[in-house]
Number of protein chains: 2
Amino acid sequence: MAINNWLGVQTEVLKRIHDRTWKPGEIIPRETDLAYEFGCARVTVNRALRALADKGVLDRKRKVGTTVALYPTSKATLKIPLIRKEIEDLGKVYSYKLLKQTQSKFPKEERLPTHLSSSDNLLYIEAIHSSDGEPFVIESRYINQKVVTNLESKVFEKNSPNEWLLANVPYTHGAISFSATNCSAEKSTLLKINPSEAVFQIDRTTFDREQVITNVLLTYHKDYQLQTSL
Amino acid sequence: MAINNWLGVQTEVLKRIHDRTWKPGEIIPRETDLAYEFGCARVTVNRALRALADKGVLDRKRKVGTTVALYPTSKATLKIPLIRKEIEDLGKVYSYKLLKQTQSKFPKEERLPTHLSSSDNLLYIEAIHSSDGEPFVIESRYINQKVVTNLESKVFEKNSPNEWLLANVPYTHGAISFSATNCSAEKSTLLKINPSEAVFQIDRTTFDREQVITNVLLTYHKDYQLQTSL
DNA sequence: GAGTGGTCTAGACCACTGG
DNA sequence: CAGTGGTCTAGACCACTCG
């Protein structure tokens, strides 16, 4: 009768939330009681409830107790894959082409790269990733050479700066944003779509502590979808 | 000298990855050894390493050991907030307006709602959420009345079906996708933007086990960005 | 078969927070 | 101050997976 593993406890708790034994906003029994009821250690219950709290299904507060979240703040975990891997996983042939690589003390682009100051010593790179020869995504990137110092002679002719950076420059944290925009004329040519067609964009900046390592703007082909599950 | 809490262990491990004591792809010492070195229990090390594996920083395999991820599969956790809450958190005044509510055995929209079959008994709802009176997002939703049976007389005049569903119909899982599209003429009027302007869309379907509860398409105002951190 | 991570237990103490 | 979750420990056994 005993539920003596944390996944079992989690399932049982979810069941009770689902069949409304415990209703949204209500407080559920404390860990000790549940442990007694299930016939397992408190730590096991703790593990299960903590996992559910991480998912946003439960709210936990010391002294108060554990409540069923009123509005389960849907938390979706997006995996941001390597572009190469994403394409290969679709069973397509991946290819990469460098378009531009310039020293640019001052980003002269239409966009102003988030978190970068114009005084930084920046390397600008533009490249395109293709799937079975069809344009997939344009990578437009600034690299902060104050932080990334070992790339002087490095040329990203054959390999995406994305992969090189991931493997060679560890980061502490990052900021990322998703948006839609009307494609610029220049990029629409590269992506082989009509100008001002709607395109999906990802803007990502990674940091080493306080310093920006790199900022990248990914402009995807038409109809690109970022998918995940809840 | 001992590191006797799991956050401390995590920090130390991250430090070593960061300063390349442990390089990408390399195997790190086993839990037992680390526990001995840090002077703490193995479970504590386990907790720290497990958390890092969840984040995608480490790869763990039984018998083999723990390795530093070659390409840290950036995992971003998106919080999908309640629209009302999202607007209120910006310090704006939230308002909601129902536009349409029809029984529709057959979705006659341009889009084909993912995961729904046309034979289902569907309720279609269209509504708009505003921020300080400015259009924020259009909610366009199908509800499966085979599953959600207690809403006969329910009218979503004042309240978003989103909130009602969250509080009243528990779900087991969901699928979600993000994309960009050129705004339809009809919607552009509602959002007060130019036709065919690029807009950000979220398509979400929630399930109760195998059955679809609801599918919603959210079409955001121009310039909307979904942000998160790594 | 053997080595690694995965988990459980029982008991203990800590940390936050509401009254 | 008291009650709740948060965490740690030491030891044990299990589960997966490689050779």
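In what follows, chains carry the letters A, B, and so on, assigned in the order in which the sequence lines appear, proteins first and then strands, with residues in each chain numbered from 1. Quick caveat, the model's predicted, so the values are computed rather than measured.
Look at CG on Asp33(B): it is 12 Å from C1' on dG3(C), rounded to the nearest Å.
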Practice task
Using a 4.0 Å cut-off on protein heavy atoms (strictly under), produce a 5'-to-3' string for nucleotides 2-9 of chain D with B for base contact, S for backbone-only sugar-phosphate contact, and - for none.
Solution key: BBBBBBBB
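Taking 4.0 Å as the cut-off between side-chain N and carboxylate O, Arg50(B) and Glu31(B) do not count as a salt-bridged pair.
Ring planes of His221(B) and Tyr224(B): perpendicular class, angle over 60° (limits at 30 and 60°).
Inter-residue side-chain proximity for Trp6(A) and Val43(A) is flagged as unmet; no heavy-atom pair is nearer than 4.5 Å.
Under the rule for a salt bridge (Lys or Arg N to Asp or Glu O under 4.0 Å), Asp132(B) has no partner lying at least two apart in sequence or in another chain.
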Handout entry: Test side-chain hydrogen bond (donor to acceptor under 3.5 Å, both in side chains) applied to Gln201(B) and Thr219(B), step by step
Key = CA-CA 5 Å; Gln201(B) 285 191 325; Thr219(B) 307; 3.2 Å; yes
